[in-house]
A.B. asks: 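Pasting a structure below so you can have a look.
The figures that follow rest on heavy atoms only: side chains count, while hydrogens, waters and symmetry mates do not.
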Amino acid sequence: MKRLIVFLLALVVGAHALSAVLLVNGFNYFDDLYGYLLDDPRFDTVYRISIQDTLPPLSVLQLYDCALNDGFHSICDPVAFGDLLADYVDGGGKVLSIYYSLKGPFANAPTGRWWDDQYSPYGCTSGEHLHGYQDLIIDNPGHTIFDGVDGVGNVYGRVQTELRPGAVELAHFTDAGGVALNADESVCGINYSSSDDHFWTGDGFRLIANAACHLADYVDIQPTSWGQIKALGD
């Protein structure tokens, strides 16, 4: 009996290694998140830019797949910063709007077109913070944003939020929004602190990294092979 190998094919779907930029209000408040992203093999480039004294040009932001923003200190120009983020998203960029950056005109957070045209999935309803320990309630645990996330608990501070039209909420707190995507999934809102003294337990940094990967369409390397061997009679 003759054996004929009809075909044997191996296919590898390549991953897109991501680049991210942290737009921060004070470097020393976000070392832990910066270090986490540097250690995450899904990211090949992670950089920090301070926005306290000056803003980067749009051409610099466009070097990165995703921009992350949180902060406790002043932005040099909240209106110009909001316009910059809006221009970045209009050009295909993705943004994680985290905690304080959700506050808009109620704090030193991006306003301008970012706020007026409702790019973020969350708006803010008050400058007063919500305090008291709560666990993040995950409504859609099968979403890729929650891959490897067992939970985020004991979250002490939250921004008072409202879900914007067309946005989809993936997780919440009993008194505020938690995690949401805007209608075209160009912006993710995350309502807990990413600073070093973050006042939460669990997988908060993993969730933030996952959200950046989801927004930027990260794909893991998936090797696939198949083959067929036929036995032919004499």
A.B. asks: Is the backbone of Y122 close enough, under 3.5 Å, to the side chain of T161 for a donor and an acceptor to pair up by distance?
C.D. replies: no
A.B. asks: Please answer whether the main-chain N or O of G132 pairs with a side-chain N or O of R158 as donor and acceptor at a distance below 3.5 Å.
C.D. replies: yes
A.B. asks: Are V187 and W115 connected, step by step, through hydrophobic side chains (Ile, Leu, Val, Met, Phe, Trp, Tyr) whose heavy atoms are closer than 4.5 Å?
C.D. replies: no
A.B. asks: Please report the C-alpha distance between D135 and V155 in whole Å, then the side-chain angles of each, then the deciding distance to 0.1 Å, and finally whether the side-chain contact (heavy atoms from CB on, under 4.5 Å) criterion is met.
C.D. replies: CA-CA 6 Å; D135 296 340; V155 177; over 6 Å; no
A.B. asks: Where the side chain of Q134 meets the backbone of T174, is there a donor-acceptor pair that is under 3.5 Å apart?
C.D. replies: yes
A.B. asks: Can you check whether Y119's main-chain N or O pairs, donor with acceptor, with D117's side chain at less than 3.5 Å?
C.D. replies: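 Such a contact is absent between D117 side chain and Y119 backbone.
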A.B. asks: Check for a donor-acceptor pair, side chain of D196 on one end and backbone N or O of D31 on the other, with a separation under 3.5 Å.
C.D. replies: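 Indeed, once roles are kept as given, a pair shorter than 3.5 Å links the two residues.
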A.B. asks: Linking I/L/V/M/F/W/Y whenever any side-chain heavy atoms sit under 4.5 Å apart, do V168 and I98 land together?
C.D. replies: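 In one cluster: yes.
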A.B. asks: Examine distances only and state if a side-chain atom of N182 and a backbone atom of P121 form a donor-acceptor pair shorter than 3.5 Å.
C.D. replies: no
A.B. asks: Taking atom types as modelled and ignoring hydrogens, do the side chains of Q160 and H129 form a donor-acceptor contact shorter than 3.5 angstrom?
C.D. replies: no
A.B. asks: Hydrogens and angles aside, do D70 and S101 bring a side-chain donor and acceptor to less than 3.5 Å of each other?
C.D. replies: no
A.B. asks: Output, in order, the C-alpha distance, side-chain angles, deciding distance and verdict of side-chain contact (heavy atoms from CB on, under 4.5 Å) for L58 and Y88.
C.D. replies: CA-CA 7 Å; L58 177 61; Y88 173 62; 3.9 Å; yes
A.B. asks: Nearest 0.5 Å please: distance from the CG atom of L84 over to the CH2 atom of W114.
C.D. replies: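 Rounded to the nearest 0.5 Å, the CG-CH2 separation comes out at 10.0 Å.
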A.B. asks: If only atom types and distance count, is the side chain of K103 paired as donor or acceptor with the main-chain N or O of G127 below 3.5 Å?
C.D. replies: yes
A.B. asks: So, do V149 and N210 sit near enough that their side-chain heavy atoms are less than 4.5 Å apart?
C.D. replies: yes
A.B. asks: Give the minimum heavy-atom separation between A211 and I145, together with the two atoms involved.
C.D. replies: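 It is CA-CG1, 3.9 Å.
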A.B. asks: Between atom OG of S19 and atom CG of L37, what is the distance when rounded to the nearest 0.5 Å?
C.D. replies: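 The distance works out to 11.5 Å.
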A.B. asks: What distance do Y99 atom OH and I208 atom CD1 have between them, rounded to the nearest 0.5 Å?
C.D. replies: 12.5 Å
A.B. asks: Within a reach of under 6.0 Å around OH of Y47, are more than 12 heavy atoms found that belong to other residues, nucleotides or ligands?
C.D. replies: no
A.B. asks: May I ask you to check whether Y34 and D39 show a side-chain donor-acceptor distance below 3.5 Å?
C.D. replies: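 Judged by distance alone, the side chains do not pair up.
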A.B. asks: Any side-chain heavy-atom pair from L68 and L23 closer than 4.5 angstrom?
C.D. replies: no
A.B. asks: Would you mind reporting whether C76 and Q52 have side-chain heavy atoms less than 4.5 Å apart?
C.D. replies: no
A.B. asks: Identify the heavy atoms of L215 and S186 that sit nearest to each other, and give their distance.
C.D. replies: CD2-C, 4.0 Å
A.B. asks: With a 4.5 Å heavy-atom cut-off, do F146 and P141 have their side chains touching?
C.D. replies: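 In short, these two side chains do not touch, never coming nearer than 4.5 Å.
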A.B. asks: Hydrophobic clustering (ILVMFWY, side-chain heavy atoms < 4.5 Å, transitive) - are L136 and Y36 grouped together?
C.D. replies: yes
A.B. asks: Taking atom CG of D150 and atom OG1 of T201, what is their separation to the nearest 0.5 Å?
C.D. replies: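 Reported to 0.5 Å precision, the distance equals 11.5 Å.
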A.B. asks: Under the ring pair (Phe, Tyr, Trp, His ring centres under 6.0 Å) rule, what pairs show up with a residue in residues 175-199, not counting sequence neighbours?
C.D. replies: Y192-W200, H198-W200, H198-F205
A.B. asks: Got a second to check how far L181's CG is from L170's CG, nearest 0.5 Å?
C.D. replies: 5.0 Å
A.B. asks: Could you tell me the separation between the CD1 atom of I51 and the CG atom of L22, rounded to the nearest 0.5 Å?
C.D. replies: 10.5 Å
A.B. asks: Under 4.5 Å between any side-chain heavy atoms of H143 and H214, yes or no?
C.D. replies: yes
A.B. asks: If you compare all heavy atoms of V152 against all heavy atoms of D203, which two are closest, and at what distance to 0.1 Å?
C.D. replies: CG2-C, 3.9 Å
A.B. asks: N191: which residues meet the side chain to side chain donor-acceptor pair (under 3.5 Å) condition with it, sequence neighbours left out?
C.D. replies: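 For N191, no residue satisfies side chain to side chain donor-acceptor pair (under 3.5 Å) once neighbours in sequence are set aside.
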A.B. asks: Keeping R48 on the side-chain end and V24 on the backbone end, is there a donor-acceptor pair under 3.5 Å?
C.D. replies: no
A.B. asks: Backbone N or O of S97 within a donor-acceptor pair of the N69 side chain at under 3.5 Å?
C.D. replies: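 Not confirmed, N69 side chain does not pair with S97 backbone.
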A.B. asks: Return the minimal non-hydrogen interatomic distance between T111 and P105, and the atom names on each side.
C.D. replies: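 Heavy atoms only, the tightest pair is CG2-N, 3.5 Å.
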A.B. asks: Which residues satisfy the side chain to side chain donor-acceptor pair (under 3.5 Å) test with D87, sequence neighbours excluded?
C.D. replies: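 For D87, the residues satisfying side chain to side chain donor-acceptor pair (under 3.5 Å) (neighbours in sequence not counted) are R113.
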A.B. asks: Spell out, yes or no, whether L130 and F106 are grouped together once hydrophobic residues are joined by side-chain heavy atoms under 4.5 Å, including indirect joins.
C.D. replies: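 No.
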A.B. asks: Do the rings of Y156 and Y133 sit parallel, tilted or perpendicular, given the 30° and 60° boundaries?
C.D. replies: tilted
A.B. asks: Keeping S195 on the side-chain end and F30 on the backbone end, is there a donor-acceptor pair under 3.5 Å?
C.D. replies: no
A.B. asks: Compare every heavy atom of A171 with every heavy atom of I138, then report the nearest pair and how far apart it is.
C.D. replies: CA-CB, 3.9 Å
A.B. asks: Are C66 and L96 close enough that some pair of their side-chain heavy atoms sits under 4.5 Å apart?
C.D. replies: yes
A.B. asks: Let's go through Y64 and T45 carefully: what are the C-alpha distance in whole Å and the side-chain angles of both, what is the deciding distance for side-chain contact (heavy atoms from CB on, under 4.5 Å) to 0.1 Å, and is it a yes or a no?
C.D. replies: CA-CA 8 Å; Y64 299 92; T45 305; 4.1 Å; yes
A.B. asks: Should I49 and V60 be marked as a side-chain contact (heavy atoms from CB on, under 4.5 Å) after you check the CA-CA gap, both sets of side-chain angles, and the distance that decides it?
C.D. replies: CA-CA 10 Å; I49 299 176; V60 169; 3.9 Å; yes
A.B. asks: Which heavy atom in A216 sits nearest to a heavy atom in L18, and how many Å separate them?
C.D. replies: CB-CD2, 3.8 Å
A.B. asks: With a 4.5 Å limit on heavy-atom distance, are the side chains of D65 and K94 in contact?
C.D. replies: no
